[in-house]
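Structure first, then comments.
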2 protein chains.
Amino acid sequence: MIREPTFLILSAVAPRPSHGYGILKSVEVLSDGRVRLRPGTLYAALDRLVAEGSLVIDSEQVVDGRLRRYYRITDEGVAVLNESIKRLESNIAAAKVQLSSRPGIEFA
Amino acid sequence: MIREPTFLILSAVAPRPSHGYGILKSVEVLSDGRVRLRPGTLYAALDRLVAEGSLVIDSEQVVDGRLRRYYRITDEGVAVLNESIKRLESNIAAAKVQLSSRPGIEFA
DNA sequence: TGACGATACTCCGATAGACGGTATATAACG
DNA sequence: CGTTATATACCGTCTATCGGAGTATCGTCA
């Protein structure tokens, strides 16, 4: 099962090719500030997702003397994300049923 | 962030006190067979959740010469599960927005 | 009778993903 | 001129999970 940082990275890249630092900021926004990726987590995840075929390197640009490496999500990456969503939704539904069947209704 | 096996373990124990092996089977049912916990994962997670205060040992019984240790979810455990649900729902909603804003609509 | 599967817990080594931090470099801001 | 923002690279550590072996009882079925 895909973990939270990876889920958010794939989500961040989904609309259009993005570069590492841009993804870092997108993930922060997408998660309402809850997830602040460390550089180590980000670039390791990016390498892994490329190796797994969920992302590909789209292009490399030099902007203001700094390298920007753009990553693009693949059809496989989209499929991974969609399957992950379905699985999470199924788990959530199951958890809600379990919580609602508690005697002392702690579930709101 | 809580991981899938832990999420399902907390969900499994939510309705009523359950023992290790029963939780193992519940998790399999709750996840539609997708998650089959290894004993190592289960009992390590149980120990961890007790140490963290999400579960408590409810009772121990000997049934047919075999020990059964029952775990009960605490209010804190219910809170952890509810917060986890909210967070996952928020991530899913964000991912769906991202996927729907793709040019070539791969999101169904 | 004896093998097998289900029940039930214990223990251990390996792995992968994430954490936390440092390093390097440029540009912009005050 | 120091700090923050931009942007990537690298490294050691940690932790949950994986994968499997071990111990033991009970029921089934040939």
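Just so we're on the same page: letters track the sequence lines, and every chain starts at 1. All values below were derived from every heavy atom in this structure, side-chain atoms included, with hydrogens, water molecules and symmetry-related copies excluded.
Between Arg36(A) and Val27(A), the closest side-chain pair of non-hydrogen atoms is not below 4.5 Å. Between Arg68(A) and Val62(A) the shortest side-chain heavy-atom distance does not fall below 4.5 Å. Within the 4.5 Å cutoff, the side chain of Arg72(A) has no heavy atoms near those of the Leu55(A) side chain.
The nucleotide range of DNA chain D contacted by chain A, defined by atoms under 4.0 angstrom from heavy atoms of the protein and reported 5' to 3', is dA5(D) to dC11(D).
Nearest heavy atoms, Arg102(B) versus Pro15(A): CG-CA, 3.9 Å.
In this structure, the side chain of Thr6(A) does not engage the main chain of Ile2(A) through any donor-acceptor pair within 3.5 Å. Between the side chain of Thr74(A) and the main chain of Gly53(A), a donor-acceptor pair closer than 3.5 Å is present.
Along DNA chain C, the nucleotide nearest Lys25(B) and the nucleotide nearest Asp47(B) are compared for position; the residue whose nucleotide lies closer to the 5' end is Lys25(B).
Cluster annotation: Val29(A) and Leu46(A) are assigned to distinct hydrophobic clusters (Ile/Leu/Val/Met/Phe/Trp/Tyr, side-chain heavy-atom contacts under 4.5 Å, transitive). Transitive grouping of hydrophobic side chains (ILVMFWY, heavy atoms separated by less than 4.5 Å) keeps Leu8(B) and Tyr70(B) in distinct clusters.
Taking only side-chain nitrogens and oxygens, His19(B) never comes nearer than 4.0 Å to OP1 or OP2 of dC9(C).
To the nearest angstrom, C1' of dT7(C) lies 15 Å from CZ of Arg69(B). In this structure, CG of Asp64(B) is placed 8 Å from P of dA8(C), rounded to the nearest angstrom. One interatomic measurement links the two molecules: OH of Tyr21(B) to P of dT7(C), which rounds to 4 Å at whole-angstrom precision. For Tyr43(B) and dA8(C), the OH to P distance is 9 Å, given to the nearest whole Å.
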**Request:** If a protein heavy atom is under 4.0 Å from the base, mark B; if only from the sugar-phosphate, S; if neither, -; do that for nucleotides 18-25 of chain C going 5' to 3'.
**Result:** SBBBB---

